[in-house]
There are 2 protein chains.
Amino acid sequence: MTHMLLSPTPAEVNEFADAYMRGMRSKDNVLVVVGCCCVEYVGRARSMLGWGGRVVIVKSDGSVLVHQKVGGAPVNWQPPDTLVRYRTEAGNGISLFVIYSYRLKPPEKMYVRFKTVDMVSAHRLRDDRTLRIMGAESDIVDRIMGDPGVIEEGLRITDREKQTRSGAIDLFGVDRDHIPVIIEIKRSQPTPSAVLQLKAYVLDHQHRHTGAVRVRGILCAPSMPVMIRTLLTENKLEWRVFKCEFEQVDDAQSTLEEFT
Amino acid sequence: MTHMLLSPTPAEVNEFADAYMRGMRSKDNVLVVVGCCCVEYVGRARSMLGWGGRVVIVKSDGSVLVHQKVGGAPVNWQPPDTLVRYRTEAGNGISLFVIYSYRLKPPEKMYVRFKTVDMVSAHRLRDDRTLRIMGAESDIVDRIMGDPGVIEEGLRITDREKQTRSGAIDLFGVDRDHIPVIIEIKRSQPTPSAVLQLKAYVLDHQHRHTGAVRVRGILCAPSMPVMIRTLLTENKLEWRVFKCEFEQVDDAQSTLEEFT
DNA sequence: CGTGCCAGGTGCCGT
DNA sequence: ACGGCACTTGGCACG
C-alpha cells in the first residue's frame, strides 16, 4: 500500500496525513514528508532550525525524524511513544502544514512547520523481522568464557557480570597461580574512564577481601592507545589487545575494485 | 525538484538512482526508497535482517539509513563519507535492486537488497541552516560561571575546562573559606563513572598540590540517584541537584488540551 | 588524523 | 517506572 501526493497544498497534506496515520488501522503505516520546513523543539533542551528542505519520517509508534541533506543523525526528532498531530496554521498570509508532536515524560514538544511540501507519501510496511547481530560486547564475553586461553594460559573464569559496589565486573576468575583476576572488556577503543572503572573494581575487591595479597586487573579491548597504557601502568593494571574476528581477511582491495 | 516512480522494476530503480545520485550535480540530492528488502552488514560487528518493508534514505554525503516501521533509530545504517553504489542482482530467478555501501576506516560494508520497490523518489534539498541549540552542558557551565551562587554562597570560579592528568575539570574555583573546589557537571542523570571521574580529578589535584589541606569535589546534575549519593559519600565528595530551566512553567496541561 | 568526551544521546534489560 | 550500561554509538572540538 503506497499513496502519495506531489506538491500538495497544506490542507491536502493535512487531510492525507490524518487519513493514513490516525486510528488503529494505521499501525503499520509510515508517513514521509519532503518539503521546506522549520523546526522548533522544547524539552530537555531547546532548539531552533530555520527554513530549509528536509525529509521527515513519521512512524505510527510516534517516532518523528527530521533529516537534513547531510548527516547520519536526524537534526531533530521525537522518540517512540510520542503523540503526533497534524494541522494547518495561518502564518502571516500563507498557510502552513504542521506536524506537532508531544510527550509527557520528559515533557517535550516539537513543531515541524512546512511552508511548501514537495511530496507526501504513506506506506504500509509489513515487517516482522528483528535484527540479528554478532559482535556485541556480550558475544566477546561469550567467546572469552568459552576459551579463556585467548586472554592468558591457565586462566579460569568463575563469574560473569559479578556485582561490586562500583558496578558490575564483566569477567572474574583466577589465574594459573590462583590469583584473582578482574577483566573489563570494551568492544571499541577504551577511554580513560574504562581505566578508572577497572581500578575501582580492583580497589573494591581488595577492600572486601582484606586478606587477599593481590588482585589483578586486565583491560581487554581491540586497541590500546599509548595514553591508556600509561594510565594502566601507573595504576598497576594490565591489558590485552583482543579483537574478535567477524570478517576474516580485509577484502578492502577486492571490494574497492567493485567501485571502479 | 522532486522525481519519483511508483512500483518500478529493479532495473528502473537502478537507472533512477544512478541518474539522480551520481556525479557532482547531485550534491544536494536525497534518495528515498520504500520497499521489501533485506540487509546485510559487515564491519565493526556483523548483522543480518530478513525480508520486510522498510524506508531507506540515501544522502549524497554517503549516509545510508534503513528504517523499520517502528523505532527512533535506524535498524541499519552507514555514516557520512561512505561510498554508495546501485546495481541489480539476479537472485534465484528474480531480479533484485541493491544499494551497496562501503567505507575503508573502519572497513564496513552494507548491502540493502530489494525484491520489490513500492516507491523511489529523489529530492533536491536546498538548506543552509544549522541547528541552534540551547541547554547543552556548555550552556549550564556558562550559567554557573555567570552566577556561582546557584551552587553555593561565596563560591568563586577561577578556571573552566581546567586540564588535569585525568582529563578536564568542568569548573574549578575556591569557596568562601578559600578551599579549592572541583565541580563536575552532568546535563543528564549521572552514572557511577561520573563519580569516578570526579574522584580522579580530586586525587590528581591533591597529588599535584601536596601541601593543600583539602580539596572539595562537587557533582552537579539534574537528578542524583541514591546509589550515586552513596558512592559520593563514600568517597567524601559532595553533590548539588541543579536543573537549568529552558522552558518556564510546565505548560503540559495547556498543551495536552490541544490534543483533544 | 587520532583522541577524548558530550549527547535533547537511544535502546535494552534488570529490579 | 527507574536505574544502570552498551552502542556498528554519532558528532564535535582540540592537540
Side-chain angles (χ1 to χ4, degrees), chain A residues 39 41-47 63 65 70-82 103 105-110 130-131 133-141 161 163 166-168 170 185-194 197 222-223 225-228 231 246-247, chain B residues 39 41-47 63-66 70-82 101 103 105-110 130-131 133-141 161 163 166-168 170 184-194 197 222-228 231 244 246-247:
Chain A
V39 187
Y41 155 80
V42 181
R44 286 166 291 179
R46 180 192 285 260
S47 77
S63 315
L65 306 164
V70 291
V75 62
N76 277 112
W77 71 94
Q78 288 279 42
D81 299 320
T82 303
R103 64 174 179 151
K105 288 184 358 181
E108 292 190 299
K109 59 186 174 183
M110 181 173 74
T130 55
L131 188 72
I133 196 166
M134 294 153 287
E137 189 187 82
S138 62
D139 295 316
I140 300 175
V141 174
E161 289 294 309
Q163 291 298 325
S166 323
D170 288 332
I185 291 160
K186 291 295 167 199
R187 79 167 311 288
S188 48
Q189 186 173 277
T191 63
S193 76
Q197 235 180 92
S223 68
V226 176
M227 175 53 70
I228 301 298
L231 278 174
F246 300 98
E247 175 179 25
Chain B
V39 187
Y41 156 79
V42 181
R44 287 166 290 181
R46 179 193 285 260
S47 77
S63 314
V64 186
L65 306 163
V66 182
V70 291
V75 62
N76 277 114
W77 72 93
Q78 288 278 42
D81 300 321
T82 302
S101 54
R103 64 173 180 152
K105 289 185 355 184
E108 291 189 302
K109 58 187 175 183
M110 181 174 74
T130 55
L131 187 73
I133 196 164
M134 294 154 288
E137 189 188 83
S138 62
D139 295 315
I140 301 175
V141 175
E161 289 295 308
Q163 290 298 325
S166 324
D170 287 333
E184 172 66 23
I185 291 161
K186 291 294 165 200
R187 79 165 314 287
S188 48
Q189 185 173 277
T191 63
S193 76
Q197 228 181 100
S223 69
M224 205 67 62
V226 176
M227 175 52 70
I228 300 297
L231 275 175
C244 246
F246 301 96
E247 175 178 27

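Each chain gets a letter, A, B and so on, in the order the sequences are listed, and its residues count up from 1.
- Toward the 5' end of DNA chain D, the nearer of the two residues B:Q163 and B:Q78, judged by each one's closest nucleotide, is B:Q78.
- Where DNA chain C pairs in unbroken runs of 3 or more (Watson-Crick or G-U, both distances under 3.5 Å), the stems are C:1-7 with D:9-15, C:9-15 with D:1-7.
- Of all heavy-atom pairs spanning A:K186 and A:P222, the tightest one is O-CD, 3.1 Å.
- In terms of heavy atoms, A:G72 sits closest to B:L65 at O-CD2, 3.3 Å.
- Look at CE on B:M110: it is 13 Å from P on D:dT8, rounded to the nearest Å.
- We find that OH of A:Y41 is positioned 11 Å from C1' of C:dA7, with the value rounded to whole Å.
- Taking OH of A:Y41 as the reference point, atom CD1 of B:I133 lies at 7.5 Å (rounded to 0.5 Å).
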Subject >> Protein proximity profile, nucleotides 1-6 of chain D - base contact B, sugar-phosphate-only contact S, no contact -, cut-off 4.0 Å on heavy atoms >> reply: S-SSSS
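- Computed from coordinates, the A:L131 CG to D:dT9 C1' distance equals 14 Å when rounded to whole Å.
- The backbone N or O of B:I185 sits less than 3.5 Å from a side-chain atom of B:D170, completing a donor-acceptor pair.
- For the side-chain contact (heavy atoms from CB on, under 4.5 Å) test with B:P190, the passing option among B:E184, B:Q197, B:M224 is B:M224; the others fail.
- To the nearest 0.5 angstrom, A:S47 atom OG is 7.0 Å from B:M134 atom CE.
- Within the 3.5 Å criterion, the main-chain N or O of A:P106 finds no donor-acceptor partner in the side chain of A:R44.
- Among all heavy-atom pairs drawn from A:P192 and A:I228, the shortest one is N-CD1, 3.5 Å.
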**OP:** In sequence, state the C-alpha distance, the side-chain angles, and the governing distance for B:V42 and B:E108, and then conclude on side chain to side chain contact (heavy atoms under 4.5 Å, CB included).
**Re:** CA-CA 6 Å; B:V42 181; B:E108 291 189 302; over 6 Å; no
Subject >> Heavy-atom protein contacts under 4.0 Å, nucleotides 10-15 of chain C, coded B base, S sugar-phosphate only, - none >> reply: SS----
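- What separates CD1 of B:I140 from C1' of C:dA7 is a distance of 12 Å, to the nearest Å.
- Per the geometry, CD belonging to B:E161 stands 18 Å off P belonging to D:dC12, to the nearest Å.
- Without hydrogens or angle criteria, A:R103 side chain to A:P80 main chain gives no donor-acceptor distance under 3.5 Å.
- If you take atom P in C:dG8 and the same atom in D:dC5, they sit 22 Å apart, rounded to whole Å.
- At distances below 3.5 Å, at least one donor-acceptor pair connects side-chain atoms of B:R187 with backbone N or O atoms of B:G135.
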